[in-house]
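Throughout, residue positions are numbered sequentially from 1 according to the sequence presented.
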Amino acid sequence: MIAFVSGPVAALAPTLAVIEVGGVGMAVQCTPNTIAGLRTGEQARLATSLVVREDSLTLYGFADDDERQVFELLQTASGVGPRLAQAMLGVHSPDALRLAVSTGDEKALMAVPGIGKKGAQKLLLELKGKLGTPLGTSGLVGAQRAVAAGPAPWTEQLSAALIGLGYASRDAEEAVSAVTPQAEAAIAAGGSAPVPQLLRAALQSLNRAR
């Protein structure tokens, strides 16, 4: 297993980072939150999990070992593959997921694209006791906020991700404004702002503006 990769960031995409390791570019699938913390040309260290399939080898990257552990534990639930596990971590921090599972918060899980009410109920049953409790009092407070609004306000997540991809701050602000109605509609429907989808929509708006 490849436990981590470390080296300069060679390239960034909305959900992919290329890390140069010993002269080899390692393509690592990441959440927009993780991508937002990277900069092309700068050194980075990502905890990783290698998913092996008959026709592919996919490396998933995380900001730290705790996030990777939660990623792997989520996949012990039936019907949860690496993509859905990563989507869950794209919406919620590890502690937010621990809090959601420990308190039976269906709405928190339903905020993840692809998880409906029945799916959320099933996941709560299967994951109960597997993820553990939020890490410390400060972690609990942060997780409570994250269940409602994600790891950080969606506007900050989205802006940081766009800047990390090389866009100017002004362009990032305009793209965030362009997708705000979409985010507000999702929140009004009882969910949270779906940052991965908003990032794709923001990039489309930037491409149209060019």
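Rounding to the nearest 0.5 angstrom, the gap separating the CD atom in Q69 from the CG atom in D64 is 10.5 Å. To the nearest 0.5 Å, atoms CD (E67) and OG1 (T31) are separated by 5.5 Å. Interatomic distance, S6 OG to L46 CG, rounded to the nearest 0.5 Å: 8.5 Å. Taking CG from L97 and CG from L73, the interatomic distance works out to 11.0 Å, rounded to the nearest 0.5 Å. The CG atom of L199 lies 10.0 Å from the CG atom of N33; values are rounded to the nearest 0.5 Å. For the atom pair R53 CZ and T58 OG1, the distance stands at 8.0 Å (nearest 0.5 Å).
Remark: Y60 engages F71 in a ring-ring contact (aromatic ring centres under 6.0 Å, His included) (not counting sequence neighbours).
Within the 3.5 Å criterion, the main-chain N or O of S78 finds a donor-acceptor partner in the side chain of E126. At distances below 3.5 Å, at least one donor-acceptor pair connects side-chain atoms of T48 with backbone N or O atoms of I2. Proximity of a side-chain donor or acceptor of R39 to a complementary backbone N or O of A36 within less than 3.5 Å is detected. A side-chain donor-acceptor contact under 3.5 Å links R68 to the backbone of A3.
Cluster annotation: L38 and L158 are assigned to the same hydrophobic cluster (Ile/Leu/Val/Met/Phe/Trp/Tyr, side-chain heavy-atom contacts under 4.5 Å, transitive). Each of F4 and L16 belongs to its own hydrophobic cluster when Ile, Leu, Val, Met, Phe, Trp and Tyr are linked at side-chain heavy-atom distances under 4.5 angstrom. Residue V80 is not grouped with residue L125 when hydrophobic side chains (ILVMFWY) are merged at heavy-atom distances under 4.5 angstrom, including chains of intermediate members.
Using a 4.5 Å heavy-atom threshold, the side chains of M88 and H92 count as separate. At least one side-chain heavy atom of E106 sits under 4.5 Å from a side-chain heavy atom of L124. Between V18 and M26 there is no side-chain heavy-atom pair separated by less than 4.5 Å. Side-chain contact between T15 and Q86 is absent, with no heavy-atom pair separated by less than 4.5 Å.
Nearest heavy-atom pair across A77 and L123 is CB-CD2, 3.8 Å. The heavy-atom pair separating T76 from K130 by the smallest distance is OG1-NZ, 3.3 Å. Considering all non-hydrogen atoms of both residues, R98 and L131 come closest at NE-O, 3.0 Å. Between G79 and L84, the shortest heavy-atom contact is O-CD2, 4.0 Å. The heavy-atom pair separating L12 from A17 by the smallest distance is CD2-CB, 3.8 Å. Residues P113 and V91 come closest through the heavy atom pair CD-CG2, 4.1 Å.
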